[in-house]
There are 4 protein chains.
Amino acid sequence: MVAESRPLRADARRNRDRLLQAARDAFAAEGLSVSLDEIARRAGVGPGTLYRHFPTKEALFEAVVHERLDPLLAEARALRRADDAGAALFAFVERLVTDAATKADLIDAIASAGAELQTTVATTTAGLWEEIGHLLARAQASGAIRDDIDIADLTAVLSGVLLALRHHANQGANPHRTLAILRDGLRPRPATA
Amino acid sequence: MVAESRPLRADARRNRDRLLQAARDAFAAEGLSVSLDEIARRAGVGPGTLYRHFPTKEALFEAVVHERLDPLLAEARALRRADDAGAALFAFVERLVTDAATKADLIDAIASAGAELQTTVATTTAGLWEEIGHLLARAQASGAIRDDIDIADLTAVLSGVLLALRHHANQGANPHRTLAILRDGLRPRPATA
Amino acid sequence: MVAESRPLRADARRNRDRLLQAARDAFAAEGLSVSLDEIARRAGVGPGTLYRHFPTKEALFEAVVHERLDPLLAEARALRRADDAGAALFAFVERLVTDAATKADLIDAIASAGAELQTTVATTTAGLWEEIGHLLARAQASGAIRDDIDIADLTAVLSGVLLALRHHANQGANPHRTLAILRDGLRPRPATA
Amino acid sequence: MVAESRPLRADARRNRDRLLQAARDAFAAEGLSVSLDEIARRAGVGPGTLYRHFPTKEALFEAVVHERLDPLLAEARALRRADDAGAALFAFVERLVTDAATKADLIDAIASAGAELQTTVATTTAGLWEEIGHLLARAQASGAIRDDIDIADLTAVLSGVLLALRHHANQGANPHRTLAILRDGLRPRPATA
DNA sequence: GATGAATGAGCATTCATTCAT
DNA sequence: AATGAATGAATGCTCATTCAT
């Protein structure tokens, strides 16, 4: 799994990249229902080539998910040791929401994935939630975040907000204002409600 | 031929109900991609019977959506003239969240509706958002809700939370805690930001 | 087959007539592909009632064909003993063509009937061709019609003309001019061609 | 990658030809109502292969029509400048009738086209009638054809005869005798009517 | 490796026919 | 008798996957 095993990667690598790009765009634009033929067409390759790189539709989708998630995961890991735990969590949440707004793509697929492909994708996303759990725990320990919620709650609201921004972005919702609601809601509650 | 409004609806009504129930469950479990044959099978009828009651897939979906939305719409309308505007909005939000938690079904379809079927369903949901907009405006006027958000923002967060509860309910998210985040996030901001 | 066997014919007869009328119109307008439900709807009865009167689609079609053919058959039989055999044949041909033009309906179905329902309808039309054969033989014997054709040829041209008038009537073909070609073509050939 | 215009068309071309052949036979035998699955089955391919070559039923039908019509159209065009205009028209009519007799297939579809698929097929046939119109006009100008008919009339009779030969060929109609009727009917009328 | 043709199960929808009321 | 609901096989078409070239 470690060693680069094969030589001719010049064009193969290029095709793989094109396919991932095309798949990203297509999933973002049409959802999971786009046909693989359409993705291959957009990438300028034959469906057989797509199959060679990604033996099933789910494998392709998962690769796309990985491509999106891996940088986020790295960022979350880097924040593990930030000084200000509360700021770290808010920074990461902001990063997620900004991503969802600007990339305007398959964050939603990451968050939901319907009941259709699931399994492997779910495994892939689990790592992300785990990192967020860490950030939440530290932020709660530092007093920056209310104590009466747990990682499941945060995960729920956060993926919900991501999904919502995807669906409502073109309808006037402002990511920053949406974020403000979330941010204030996560703060420790003042004396009384 | 005399006065009973409809004669042999006994079985027809029963099949219609069974179909709606099966569709509700199936859409909730598998999303919009469930096949009509599968829904018919679950309802114990032939595909032709499904067709008789709901001539297109969209018609079936819309019937399911209506069944869920109509009572909510009625409730929202009833709250229009509540004395305490802030309490009215929170009550309705709580109602929505409770629904999503207990019915555990296609609130998500209502909230997202994907890019797939749209038209009529969109029209149907528009009415709901309109009512919520009313409640929000009054709550803001009364000072119970922060001023720096508009209906699009609320809609986004709210549908996000609903979606989230649907996807994460079985993963331990607690509706009341999730709701608490939303509730506190909607309050007017204290002195500092 | 002779005695009227059942009493309650008042409304039953009326339904039967309505169904035949609706079927006639529907076949004429849409061809054989109209659904029986559509015909029943047009007749203002339920599909079960249609079925009671005509147990298969073919039975209905055949009844319609009979209704059209029987008067024509009677007319042909009446012409069998006409004094002027040539005039008799031309008169009958004219009658057919006029029918096709004014009724603008399922003469074509009679003539073609595709490869779909056939058998029984073919049997039904055979009687008509037989009568025409009689008229042709007599006309040829009297010298009014060329000798070098037989009933199969006449049948072919005649049904072709009927079909054609149905399809081309709205495109400017004039039944009388079309008929003139046929009439002159049937005459005995002058000395040389 | 070098210069052969198309690489693996060997099998594709063969399947396409098989499909056209199967479609031709099937349409001729059963009319437009044959199912595409049946045609695919007869051609020995899956329905998806049929779809790849002809994406709709109409596209398949039109391909079949073109295959028949294009040579006829070319021939008609070639006759436009013939010396003897009357002979040219008769030659073309003979060609049509011969075709209908030997190919024994979907000339009728061409002539009628039903009320079912239309559009593109209609456009395709229009060109043929236009050419025939040319030949008719010239033949009338030269005195070889009666003056009291127009292209619509000729079209009607001609397609009628084609249809008739299709339906009655196996019943003994002789193309040459049928043709004789048409030919003599088209001649200028002698002294008396 | 790449191509794109082939496959065949599957989908939404239709409709002739049957049957409970 | 009549009704209209139910049936289920069939249709045109789609698409993930496989395979010959």
Side-chain angles (χ1 to χ4, degrees), chain A residues 6-12 15 33-41 44-58 60, chain B residues 1 6-16 33-40 44-60, chain C residues 6 8-12 15 33-41 44-58 60, chain D residues 1 6-16 33-41 44-60:
Chain A
R6 292 177 194 88
L8 310 205
R9 271 211 287 261
D11 58 333
N15 274 341
S33 61
V34 264
S35 79
L36 296 185
D37 279 14
E38 170 68 12
I39 291 174
R41 208 182 50 68
V45 306
T49 302
L50 196 169
Y51 177 71
R52 165 165 285 269
H53 288 289
F54 308 97
T56 65
K57 191 176 197 175
E58 182 165 11
L60 173 60
Chain B
M1 285 290 181
R6 283 128 187 161
L8 52 141
R9 289 290 164 63
D11 56 334
R13 178 83 215 165
R14 199 167 144 215
N15 274 338
R16 199 190 133 93
S33 62
V34 263
S35 82
L36 297 186
D37 280 13
E38 170 66 14
I39 291 174
V45 304
T49 301
L50 199 169
Y51 174 70
R52 161 171 282 266
H53 289 288
F54 308 99
T56 64
K57 190 176 199 175
E58 182 164 13
L60 174 59
Chain C
R6 292 175 194 91
L8 314 201
R9 270 210 289 261
D11 59 333
N15 275 341
S33 60
V34 265
S35 78
L36 296 186
D37 279 14
E38 170 67 13
I39 292 174
R41 207 183 49 69
V45 305
T49 303
L50 197 169
Y51 177 70
R52 163 165 286 269
H53 287 289
F54 308 98
T56 66
K57 190 176 199 177
E58 182 166 12
L60 173 60
Chain D
M1 285 291 183
R6 280 126 189 165
L8 51 143
R9 290 290 165 62
D11 56 335
R13 177 83 214 164
R14 200 168 143 217
N15 274 338
R16 199 190 133 94
S33 63
V34 262
S35 82
L36 296 185
D37 280 14
E38 170 68 12
I39 291 174
R41 210 183 48 67
V45 304
T49 302
L50 198 169
Y51 174 70
R52 162 170 282 267
H53 289 288
F54 308 99
T56 64
K57 191 176 199 176
E58 182 165 13
L60 174 59

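Being a predicted model, the structure only gives us computed values, none of them experimental. Within every chain, numbering begins at 1; the chains are lettered A, B, ... in the order of the sequence lines, protein sequences first and strands thereafter.
Once rounded to the nearest 0.5 Å, the distance linking OG of A:S33 with NZ of A:K57 reads 6.5 Å. Interatomic distance, B:E38 CD to B:L36 CG, rounded to the nearest 0.5 Å: 10.5 Å.
One interatomic measurement links the two molecules: CZ of B:R16 to C1' of F:dG4, which rounds to 16 Å at whole-angstrom precision. Taking atom CG of D:L60 as the reference point, atom P of F:dT11 lies 15 Å away to the nearest angstrom. Atom CD1 in C:I39 sits about 11 Å away from atom P in E:dC15, given to the nearest Å. In this structure, the CG atom of C:D37 is 12 Å from the C1' atom of F:dA6, given to the nearest Å. Summarising the geometry, the separation between CG on D:L50 and C1' on F:dT14 is reported as 13 Å, rounded to the nearest angstrom. Between the P atom of F:dG4 and the CZ atom of B:R14 lies a distance of 21 Å, rounded to the nearest Å. For the pair D:K57 NZ and F:dT11 P, the computed distance is 9 Å after rounding to whole Å. Following rounding to the nearest Å, C:R41 (CZ) and F:dA2 (P) show an atom-to-atom distance of 20 Å.
In this model, the phosphate group of E:dA2 is approached by a side-chain N or O of A:N15 to a distance below 4.0 Å at OP1 or OP2. Side-chain N/O atoms of A:H53 include none lying less than 4.0 angstrom from OP1 or OP2 on E:dG1. Look at D:Y51 and you'll find a side-chain N or O under 4.0 angstrom from OP1 or OP2 of F:dT14.
Position along DNA chain F of the nearest nucleotide to B:G44 versus D:F54 favours B:G44 as the more 5'-ward residue. Nucleotides of DNA chain E nearest to D:V45 and B:V34 differ in position, and the one nearer the 5' end is that of D:V45. The residue among A:T56 and B:G46 whose nearest nucleotide of DNA chain F is located toward the 5' end is B:G46.
With a 3.5 Å limit on both pairing distances and Watson-Crick or G-U wobble geometry required, the stems of 3 or more pairs in DNA chain E span E:2-21 with F:2-21.
Side chain of D:D11, nearest nucleotide from E:dT13, E:dA6, E:dA16: E:dA6. Side chain of C:T49, nearest nucleotide from E:dG4, F:dG12, F:dT3: F:dT3. Out of E:dT7, E:dT3, E:dG1, the shortest distance to the side chain of A:A12 is found at E:dG1. Taking only side-chain atoms of D:P47, from C-beta outward, the nucleotide of F:dT14, E:dG1, E:dA16 with the closest atom is F:dT14.
Taking atom P in both E:dG1 and F:dT21, one finds a spacing of 22 Å when rounded to whole Å.
Side-chain contact check for C:R41 versus C:D37: every heavy-atom pair is 4.5 Å or farther apart.
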